[in-house]
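Throughout, a chain's letter reflects where its sequence line sits, starting with A, and its residues are numbered from 1.
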Amino acid sequence: MSLEWMAWTLPTAIFFATIAALLIAMTVWQASAPSIERRGLLPIATTPGDRLFLGLLGSAYIHLAWIGLFDLSLWWALVISAVYMIALMRWG
Amino acid sequence: MGKWEDNKAWFLVLPVFVLVAISAIIPLMTVVNYSVQDIFGPGERYFVGIEWFEEMLANKRLHDALWRQFLFSGLVLLIEIPLGVLIALAMPKRGWGVSVSLVLLALPLLIPWNVIGTIWIIFTRPDIGLLGVAINGLGVEFDHTAAPLDAWITVMLMEVWHWTPLVALLAYAGLRAIPEAYFQAARIDGASPWAVFRYIQLPKMRGVLTIAVLLRFMDSFLIYAEPFVLTGGGPGNSTTFLSIYLVKLSTAMDVGPAAAFSIIYFLIILLFSWLFYQALQNVGTGDRQ
C-alpha cells in the first residue's frame, strides 16, 4: 500500500509522532498510577487528560497567534507553548 | 492495575477505533501534511513551511467570512431561541392539537437540506415565487440574487423556518416535564403569567435550552448546503460563510491554502465544542447551587 497520497513530510511526521508519544505516555501513566480529577488554577476540575487536551489546543492557538501577529521565528511560539503546557499540567 | 489489563471491553471498542482512525484521524493527518506543502500533482510537491498559514491568517476574504459566520450564528441564536420558546409556550397542552402541532413542527426537520435550498429559491423568486411576488407586489423591491440584504434576509428566513421547530420541540419537552404542583402553587400565590415564566418555566427549561443553543450554534457555524443552493455565496461574497469559502478554495485546486484554512476552522470548532461541552456538563449542577 503506497502512502504517497498522504504526502508525508519530516516535520509533520515528527509532530504526529510527538503527539502519539504523549498519548501513549499519558495512557501508561494513567494505568500505572490512576489519577483523579482535581481543582487547580483552572475554574473547572480536570484530569491530566483534560489538561493535556487544553495544553495542545492552547498551543495550537499560541502558534496561530504567533504566525498572525509576529514576524519572528516560530521556535519562540514552541518555547512559549512548552512552558504553558508544563505549567498547565503542573498547576492547571 | 490488573483489572485495567483484564478488561475485555477494550476489544469491543476496537472496531470503533479503527473506523474513526480511517474516517477521521488519517484524513486529518493528511490535511495537516497538505497544509505545509505546495502540491502540484501526485509526486510533485514542495515543502513551504508555514507559508499557507501566514497567507490564510492575513486573508481578508477569510476574515470577512469568519465575521459573517459569527454574525449569522449570533442572529440564528438571537431569533430561534426566543421564538422557539414562544412557540412552545403557545402550543396546546392536551387534546388532538398536540399531535397536529408536533407533526407540523417536525415537517421542516424531515426535508433534505439541499431540497430546502431549492424550495426557498422558488418561494422567493421575484417573478414566480409566492413570497417574492407578494413582497414585490407591495411595492418593495426584493431579489435575493441581486441585493446582499435581500439575500441575508432570505437565508435567515430559511434558517429560522428550518430550525426553529427543533428549538420549539426541545422547549416543549422541557415544559411538559414540569410537575403540575409548581403551577398550582403559583396560582395560589397569585403569580402573574410573567412570574410563572420567569421563576418556574425558564429555570426548568435551562437544560434543554442549553442543548438547543449548543446544537443551533454548531449547526449554523457549519452551515453549507442550504445557503449554497440558495445563493451560492452571493451576490458577490455577501453570503459566503466559512464552509462555502473553504469549498471554493479547495475546488480551485489550492489544496495547500485550503488545508491550512481547514485546520484553522477545525481549531475554532474544537474550542467551541469544548466550551459547550463544559457548559453542558455544568447544566445539572448549576441548579443545585
Side-chain angles (χ1 to χ4, degrees), chain A residues 1-20 23 26-35 37 39 42-47 49-78 81, chain B residues 1-7 10 21 25-59 62-63 255-256 259-261 263-275 277-279 281-282 285:
Chain A
M1 191 174 74
S2 164
L3 279 180
E4 174 54 34
W5 66 273
M6 281 187 81
W8 280 104
T9 66
L10 184 64
T12 50
I14 294 172
F15 170 74
F16 281 116
T18 311
I19 298 208
L23 287 177
M26 293 287 289
T27 310
V28 173
W29 183 25
Q30 175 69 24
S32 60
S35 63
E37 276 197 349
R39 206 60 187 261
L42 292 170
I44 46 164
T46 52
T47 62
D50 294 332
R51 292 196 289 279
L52 178 74
F53 171 76
L54 285 179
L56 288 175
L57 188 61
S59 301
Y61 275 95
I62 289 172
H63 279 80
L64 280 184
W66 195 268
I67 294 171
L69 300 176
F70 307 112
D71 221 4
L72 300 164
S73 165
L74 203 57
W75 291 107
W76 290 109
L78 187 66
S81 298
Chain B
M1 174 85 195
K3 197 175 177 189
W4 193 79
E5 274 180 350
D6 291 344
N7 198 337
W10 290 101
I25 298 173
I26 290 175
L28 188 66
M29 283 167 136
T30 312
V31 170
V32 172
N33 291 342
Y34 281 8
S35 72
V36 294
Q37 296 180 85
D38 201 355
I39 296 178
F40 295 101
E44 225 183 319
R45 51 195 173 89
Y46 304 95
F47 186 73
V48 294
I50 57 170
E51 194 183 313
W52 299 135
F53 286 93
E54 284 173 334
E55 191 183 307
M56 278 295 123
L57 286 171
N59 184 328
L62 189 148
H63 295 173
V255 280
F261 180 11
I263 291 169
I264 298 170
Y265 199 177
F266 173 68
L267 287 171
I268 297 173
I269 298 279
L270 203 57
L271 178 65
F272 277 101
S273 308
W274 184 80
L275 286 175
Y277 175 72
Q278 289 302 327
Q281 292 278 301
N282 294 325
T285 56

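Residues A:L10 and B:F47 fail the side-chain proximity criterion, which asks for heavy atoms closer than 4.5 Å. Within the 4.5 Å cutoff, side-chain heavy atoms of B:L270 are placed close to those of A:F53.
Only the side chain of B:V36 comes within contact range of chain A, with heavy atoms under 4.5 Å apart. For chain A, the nearby part of B:Q37 is the side chain; its heavy atoms alone come within less than 4.5 Å.
Considering only residues two or more places apart in sequence or on other chains, B:I269 meets the side chain to side chain contact (heavy atoms under 4.5 Å, CB included) condition with B:M218, B:F221, B:L222, B:Y265, B:S273.
Of all heavy-atom pairs spanning A:M6 and B:N33, the tightest one is O-ND2, 2.8 Å.
Pairs passing the side chain to side chain donor-acceptor pair (under 3.5 Å) check and including a residue from residues 61-74 of chain A, sequence neighbours excluded, read A:H63-A:S81.
Here the options are B:I268, B:I263, B:I50, B:L57, the test is side chain to side chain contact (heavy atoms under 4.5 Å, CB included), and the partner is A:L64; only B:L57 passes.
One distance of note links CH2 of B:W274 with CG of A:D50; it measures 8.0 Å at 0.5 Å rounding. Considering CE of B:M56 and CD1 of A:I67, their distance stands at 12.5 Å, rounded to 0.5 Å.
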